[in-house]
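Naming convention: chains lettered A, B, ... in sequence-line order (proteins, then strands); numbering from 1 in each chain.
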Protein chains: 2
Amino acid sequence: MTKIKESSTYNANREIVMQECPVTYVMNKIGGHWKPIILYHLLAGSKRYSEIKKSMPHITEKMLIQHLKQLEGDNLLVREARPVVPPYVTYTLTEAGRDLETVINAMAAWAYKDMDRKTQIIP
Amino acid sequence: MTKIKESSTYNANREIVMQECPVTYVMNKIGGHWKPIILYHLLAGSKRYSEIKKSMPHITEKMLIQHLKQLEGDNLLVREARPVVPPYVTYTLTEAGRDLETVINAMAAWAYKDMDRKTQIIP
DNA sequence: CATGATACATACTTTGGGGTAAGTACTTGC
DNA sequence: GCAAGTACTTACCCCAAAGTATGTATCATG
């Protein structure tokens, strides 16, 4: 008798909204705290796992691979492992991933503009 | 004795990353499921509360005002209430809010391109 | 006088993203 | 022979965001 949910409005939305709203579509791929940052770092070129880790000192290893896997699943990057030891794994953006540069840049541009607006109001 | 966290890496990040990463800065303002959609609808022009609600059938009233308040707090929109009864409240984007059109459009453009890529691979 | 419209508010519950901690497999260097 | 580096994996926990449900104030209209 306490089962009112089943698939909930949340998931209903996910389905519906994904088809209607392109913004949500993007958010589902690059949303969250880490993904855009990972993409940002990879826009500079391919990197191996340890390099990404070094450029993001605050991320935990779990979060890092978790998101790398998801981004790979969403075809935003490809993983290449050379069968050597110690392992040598590189991550490279796909075309879809590189195309996100426009989005990332638009965001960055807005962010700097908005930060400016703020500091101008303070005095 | 179970308090290991205090402010946690999460919040440490929020602080640090906000200053370093413009993308995260944006995400903190327009991230989440609903905000970009609200903004999207308001880009077409000012709307009153009930109109926004109608254009987003799947959002709950709680979520709607909650995010409207946050967007107002972040200076992305302004709320104007006429002191009549029944209440008449309109929401309008600020300059900062309208400037997000670039970001939203870049996202939409990418989304459509990405959807195309997918449908081309399927057959 | 109670029902409906409008624009919320508030209490309570659930879910999943993010975090912590520890372990694995393989080899090179001391 | 064991510590250290590389690229993960696994188990478990916590909290904030999202969702559910219900209540509020005001007046107009039947």
(request) Take atom CG of B/Leu64 and atom P of D/dT20, then tell me their distance rounded to the nearest Å. (result) 15 Å

(request) Starting from C1' on D/dC8, measure out to OH on A/Tyr88 and report it in whole angstrom. (result) 17 Å

(request) Round to the nearest Å and state the distance from A/Ile59 atom CD1 to C/dG17 atom P. (result) 14 Å

(message) Quick check: on DNA chain C, is the nucleotide nearest A/Pro87 upstream (toward 5') of the one nearest A/Glu61, or the reverse? Name the residue that is more 5'.
(response) A/Glu61

(message) If the cut-off is 4.0 Å, is B/His67 near the phosphate of D/dA18, judged by side-chain N/O to OP1 or OP2?
(response) yes

(request) Just compare C/dT6, C/dA9, D/dC8 and give me whichever is closest to any side-chain atom of B/Pro86. (result) C/dT6

(request) Give, for atom CG of B/Leu71 and atom CZ of B/Arg79, the distance between the pair rounded to the nearest 0.5 Å. (result) 14.0 Å

(request) Report yes if at least one side-chain N or O of A/Tyr91 is closer than 4.0 Å to OP1 or OP2 of D/dC8; otherwise report no. (result) yes

(request) Considering just the side-chain nitrogens and oxygens of A/Ser50, establish if one lies under 4.0 Å of OP1 or OP2 belonging to D/dA7. (result) yes

(request) Hey, which sits more toward the 5' end of DNA chain C by its nearest nucleotide, B/Lys62 or B/Tyr49? (result) B/Tyr49

(request) Could you state the atom-to-atom distance from CD1 of A/Ile38 to P of C/dG17 in whole Å? (result) 14 Å

(request) Report the distance from atom CD of A/Gln66 to atom P of D/dT9, rounded to the nearest whole Å. (result) 11 Å

(request) Could you tell me the separation between the CD1 atom of B/Ile65 and the P atom of C/dT10, rounded to a whole number of Å? (result) 10 Å

(request) Report the distance from atom CD of A/Glu101 to atom CG of A/Leu39, rounding to the nearest 0.5 Å. (result) 11.0 Å

(request) Measure the CG-CG distance between A/Leu68 and A/Leu42 for me, rounded to the nearest 0.5 Å. (result) 7.5 Å

(message) Taking the six-membered ring of B/Tyr88 as reference, does the cationic atom of B/Arg48 (NZ for Lys, CZ for Arg) lie under 6.0 Å from its centre and within 45° of its axis?
(response) yes

(request) Round to the nearest Å and state the distance from A/His33 atom NE2 to C/dG16 atom P. (result) 18 Å

(request) Please state how far atom CG in B/Asn28 lies from atom C1' in C/dG17, giving the value in whole angstrom units. (result) 14 Å

(message) With a cut-off of less than 4.0 Å, is there a side-chain N or O of B/Arg48 near OP1 or OP2 of C/dT6?
(response) no

(request) Tell me what A/Lys35 touches on the nucleic acid: a base, only sugar-phosphate, or nothing, going by heavy atoms under 4.0 Å. (result) nothing

(message) Does a side-chain N or O of B/Lys53 approach OP1 or OP2 of C/dT6 to a distance below 4.0 Å, or not?
(response) no

(message) Working to the nearest 0.5 angstrom, can you tell me the gap between A/Glu72 CD and A/Thr92 OG1?
(response) 10.5 Å

(message) Can you tell me which nucleotide in C/dC8, C/dG18, D/dA7 comes closest to the side chain of A/Met63?
(response) C/dG18

